[in-house]
Amino acid sequence: MSETTMEQKLQLVKQVRSRYHENQYDLSNRERILYGRTSASLQRAGYLSPYEERYGDYALPEGQPFTFFKLRLWLALFLVTAVILLDLNGAEVAGITSQKIFEVISADYEEVIETWVENLQ
């Protein structure tokens with residue numbers, strides 16, 4: 001087995017630490033993408049990586065990033081409420097009743113989709 005010098009050992013330790021910091025930085029970026037966390041909220045929660053503590057965060061602007069999840073959630077809740085109210089009152093909107101909506105939701109579209117896919121090929 002060859003002898004490793006102290007300089008080689010130090011270089012290896014530097015490489016390992018560098019890779020560790022890069023991995024922590026990548027992980028924190030993925031958390032930001034998944035959870036919409038900003039660097040300030042990460043720092044308060046103790047999730048800021050040593051790389052970010054040293055070099056700072058240049059990727060995110062100030063404030064909360066806008067996501068469409070809240071908008072989609074409110075829209076879905078509104079539509080479900082509208083269908084329930086249509087069903088309870090027996091009303092219709094633009095000729096659409098709750099019965100038609102339930103039929104469309106419960107219909108089996110497997111054959112239609114298979115035919116459409118075959119036509120694409």
Side-chain angles (χ1 to χ4, degrees):
M1 199 173 227
S2 66
E3 292 290 323
T4 57
T5 64
M6 184 59 81
E7 188 66 33
Q8 290 173 329
K9 289 180 182 178
L10 288 174
Q11 186 64 25
L12 180 61
V13 168
K14 285 181 183 179
Q15 288 176 352
V16 169
R17 286 182 181 166
S18 173
R19 178 60 67 180
Y20 172 77
H21 292 310
E22 290 173 9
N23 289 340
Q24 290 295 327
Y25 182 72
D26 290 342
L27 181 65
S28 65
N29 279 337
R30 290 181 185 127
E31 282 183 344
R32 266 193 232 109
I33 292 169
L34 285 173
Y35 306 118
R37 294 180 176 162
T38 62
S39 62
S41 63
L42 286 171
Q43 193 171 23
R44 274 181 272 147
Y47 290 115
L48 203 59
S49 71
Y51 183 87
E52 290 174 310
E53 289 173 358
R54 182 180 299 163
Y55 299 110
D57 181 24
Y58 304 106
L60 290 176
E62 290 294 320
Q64 292 275 341
F66 180 76
T67 61
F68 285 100
F69 177 73
K70 290 180 184 177
L71 178 66
R72 291 190 319 241
L73 179 67
W74 283 109
L75 183 62
L77 290 173
F78 172 75
L79 291 174
V80 167
T81 305
V83 170
I84 290 172
L85 290 175
L86 283 176
D87 190 41
L88 290 175
N89 296 329
E92 66 179 55
V93 174
I96 299 173
T97 63
S98 61
Q99 209 55 19
K100 287 183 182 178
I101 294 173
F102 294 140
E103 288 173 12
V104 170
I105 291 173
S106 62
D108 185 20
Y109 292 103
E110 184 175 354
E111 292 177 15
V112 175
I113 293 172
E114 287 176 359
T115 306
W116 183 74
V117 170
E118 288 173 3
N119 290 335
L120 285 176
Q121 298 173 355

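Because the structure is a prediction, the values reported are computed rather than measured. The basis for the numbers below is simple: all heavy atoms, side chains too, and nothing from hydrogens, waters or symmetry mates.
- Not one N or O on the side chain of Lys100 forms a donor-acceptor pair closer than 3.5 Å with the backbone of Glu92.
- If you chain together hydrophobic residues whose side chains sit under 4.5 Å apart, Ile105 and Val112 never meet in one group.
- Within the 4.5 Å cutoff, the side chain of Val83 has no heavy atoms near those of the Asp87 side chain.
- Ion pairing between Glu22 and Arg19 holds under the 4.0 Å rule for side-chain N and carboxylate O.
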| Candidate pair Leu34 and Glu31, rule side chain to side chain contact (heavy atoms under 4.5 Å, CB included), full reasoning | CA-CA 5 Å; Leu34 285 173; Glu31 282 183 344; 5.8 Å; no

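- In this structure, Glu111 places its CD atom where only 12 or fewer heavy-atom neighbours from other residues, nucleotides or ligands lie under 6.0 Å away.
- Residues Gln24 and Leu27 meet the side-chain proximity criterion, which asks for heavy atoms closer than 4.5 Å.
- Leu77 and Phe68 end up in different hydrophobic clusters when Ile, Leu, Val, Met, Phe, Trp and Tyr side chains are linked at under 4.5 Å.
- Hydrophobic clustering of Ile, Leu, Val, Met, Phe, Trp and Tyr side chains at less than 4.5 Å, counting indirect connections, unites Ile101 with Val93.
- The list of salt bridge (Lys or Arg N to Asp or Glu O under 4.0 Å) pairs with a residue in residues 6-15, not counting sequence neighbours, is empty.
- Transitive grouping of hydrophobic side chains (ILVMFWY, heavy atoms separated by less than 4.5 Å) keeps Phe102 and Leu88 in distinct clusters.
- In this structure, the separation between CG on Asn89 and CD1 on Ile84 is 11.5 Å, given to the nearest 0.5 Å.
- Atom CG of Leu12 sits about 6.0 Å away from atom CD of Gln15, to the nearest 0.5 Å.
- With rounding to the nearest 0.5 Å, the separation of OG1 in Thr5 from CD in Gln11 is 10.0 Å.
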